[in-house]
Q: 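Here you go, one structure.
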There are 2 protein chains.
Amino acid sequence: MARSPIWRSIAAELEGEIARGLYRAGDKLPTEAELSLRFGVNRHTARRALADLAARDLVHSRRGAGVFVKAAPLDYPIGERVRFSQNLRASGRLPEKRVLRIETRPADRAEATALALPEGAEVIVYEGLSLAEAMPVAHFISCFPAARFPGLAATLTEVSSVTQALKANGIEDYTRAHTRLTAEAATPTQALHLAMREGAPLLRAEGVNVDPAGQPVEYGLTWFAGDRVALTVSSEDGSAQAQTGAQPSSP
Amino acid sequence: MARSPIWRSIAAELEGEIARGLYRAGDKLPTEAELSLRFGVNRHTARRALADLAARDLVHSRRGAGVFVKAAPLDYPIGERVRFSQNLRASGRLPEKRVLRIETRPADRAEATALALPEGAEVIVYEGLSLAEAMPVAHFISCFPAARFPGLAATLTEVSSVTQALKANGIEDYTRAHTRLTAEAATPTQALHLAMREGAPLLRAEGVNVDPAGQPVEYGLTWFAGDRVALTVSSEDGSAQAQTGAQPSSP
DNA sequence: CATGATTTGTCTAGTTGTATAGAGACCTAG
DNA sequence: CTAGGTCTCTATACAACTAGACAAATCATG
């Protein structure tokens, strides 16, 4: 497994910036010292990257003067990574779903504290995949207090929507009290479910939904495929538009 | 009863010396050659011990440079309230920073559209690392319209804080118009900067800050180390805060 | 034009990462 | 007991990167 050397990725990055017009023909690149600082490598490693660009006639260097751009490469592939954009507040409410598991069992500590239940109280566990245009985009696990919603497990087998299922069990409205976001690597089973490579980056959202009285009704974990989904947060009220479509990627 | 391998005892010995403060966070361990001499084993055996320490996040190695201690192991839980914390609305206000680059150059398409500038207009680019307790936790790149803030590049070299720098350039207040969150794999250079493995999961936040008149003043990208940071979003105002600390549980 | 600071070019030395090959100990199936 | 496999460790070689020093060309400034 020969990993590609660092200088190669540095060269690729610089090539991309030249291609995007950040440095145009005739422009002077940052000095070797500056580049080594920016990329966190030794000057010699930065030099190696520059030598690669010079060998491909993209730049040329003049001793004492600097490194200058010769020509911009025409085609630099800019892959589009994120295809779906999803409002954070509505996360976990994607329309199409595939149920993986519905069961009732005692809560573990995290679930019990999140739902304000005594440890060991029964919870309904709802695990599944969220799909968009037939592509899996997220893997979720939701927990509900079983004592409060005796019929919920049965309801969920019919309507996969959490909102509808809760409505059928007496919860007209609920709000998200708190969300915690971080990034994790995909486990082997998650990779399988989401059609990704093992270890691929996932956006993990952990949250609690509460009823109007402030009582927790759902504790949910959702892992979004990092290359397919972006969550948006608007400053107004958290109600951003959920949009589908190609989004250009950044540096 | 499987006899424990030699490398395990070597690792334990080194771990003990780290715990006793013989080597403190950031210190360089003896070279592999020296360790192999000291313990009377082959260099690969010493490497195996170091690999074990690295897998447990006690040390990390930099090719060509050496092996360095990451954090004091025992009583330094980067705890729940070792609170470096950060409001996403003012992303770029984390306590300690290390500047990687400050330069002025033409904007690429993403930067131009985010800042509502014509393509090719000059932008000031501010790239750096955010540190907490001497450990890097995030890598950020911010762009500002150069025409509007002629002195900003100079200001940033003195005060690393974006808020203060903008204040010194006439922006008393600004708000975050929009945030976009996703997960990405660490690039080789990001992995270097953040002392992670290549491909490790990063939480990427992309956002635009606007002045009270609604004019964009900053376009920022931040990559948080997924294993060190979680963003919390409260339902009230849609703002997000970053905090280091307690690791979320797994499924 | 002269000087000093900056910048690239080159050299030497040291350190970690990776690949290959092999010896010996240990375990297990037959 | 034997044969074959895995695990641990040794040995060697090379690649990739860091570190520092100095020389040579250039540029800015007076």
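Protein chains get the first letters and strands the later ones, always in sequence-line order, with residue 1 at the start of each.
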Q: Atom CD of B/Glu32 and atom P of D/dC17: how far apart are they, to the nearest Å?
A: 16 Å
Q: Round to the nearest Å and state the distance from A/Asp52 atom CG to D/dA16 atom P.
A: 13 Å
Q: Does the distance from a Lys or Arg side-chain N to an Asp or Glu carboxylate O, for A/Glu13 and A/Arg38, drop under 4.0 Å?
A: yes
Q: Just how far, in rounded Å, is P of C/dG22 from CG of B/Asn42?
A: 16 Å
Q: Output yes when B/Arg56 and B/Glu15 qualify as a salt bridge under the 4.0 Å nitrogen-oxygen rule, no when they do not.
A: yes
Q: Nearest heavy-atom pair of B/Pro136 and B/Leu131: which atoms, and what distance?
A: CA-CD2, 3.4 Å
Q: What is the separation between atom CD1 on A/Ile6 and atom P on D/dA16, rounded to the nearest whole Å?
A: 11 Å
Q: May I ask you to evaluate whether A/Trp7 reaches the phosphate of D/dC17, defined as a side-chain N or O under 4.0 Å from OP1 or OP2?
A: yes
Q: Using a distance-only criterion (donor-acceptor N/O pair, under 3.5 Å, no hydrogens), is the base of D/dT8 paired with the side chain of B/His44?
A: no
Q: Starting at NE2 of A/His60 and ending at C1' of C/dT7, how long is that distance when rounded to a whole Å?
A: 15 Å
Q: Within the structure, does a side-chain N or O atom of A/Arg47 lie under 4.0 Å from either OP1 or OP2 of C/dG9?
A: yes
Q: Give the rounded distance in Å between these two atoms: CZ of B/Arg63 and P of D/dT18.
A: 9 Å
Q: Does OP1 or OP2 of D/dA16 have a side-chain N or O of A/Thr45 closer than 4.0 Å?
A: no
Q: State whether B/Arg197 and B/Asp227 are salt-bridged, where the test is any N-O pair (Lys NZ or Arg NE/NH1/NH2 against Asp/Glu carboxylate O) under 4.0 Å.
A: no
Q: Here's a test of your reading of the structure: between B/Gly64 and B/Gly40, which maps to the more 5' nucleotide of DNA chain D?
A: B/Gly40
Q: Measure CD/B/Glu198 against C1'/D/dC17 and give the value in whole Å, please.
A: 15 Å
Q: Starting at CG of B/Leu53 and ending at C1' of C/dT16, how long is that distance when rounded to a whole Å?
A: 15 Å
Q: Look at the side-chain N and O atoms of A/Thr31 and state whether any lies under 4.0 Å from the OP1 or OP2 oxygen of C/dT6.
A: no
Q: Does the distance from a Lys or Arg side-chain N to an Asp or Glu carboxylate O, for B/Glu111 and A/Arg20, drop under 4.0 Å?
A: no
Q: According to a strict under-4.0 Å criterion, is A/Arg62 in side-chain N/O contact with OP1 or OP2 of D/dC27?
A: yes
Q: Side-chain N or O of B/Arg43 less than 4.0 angstrom from OP1 or OP2 on D/dA13?
A: no
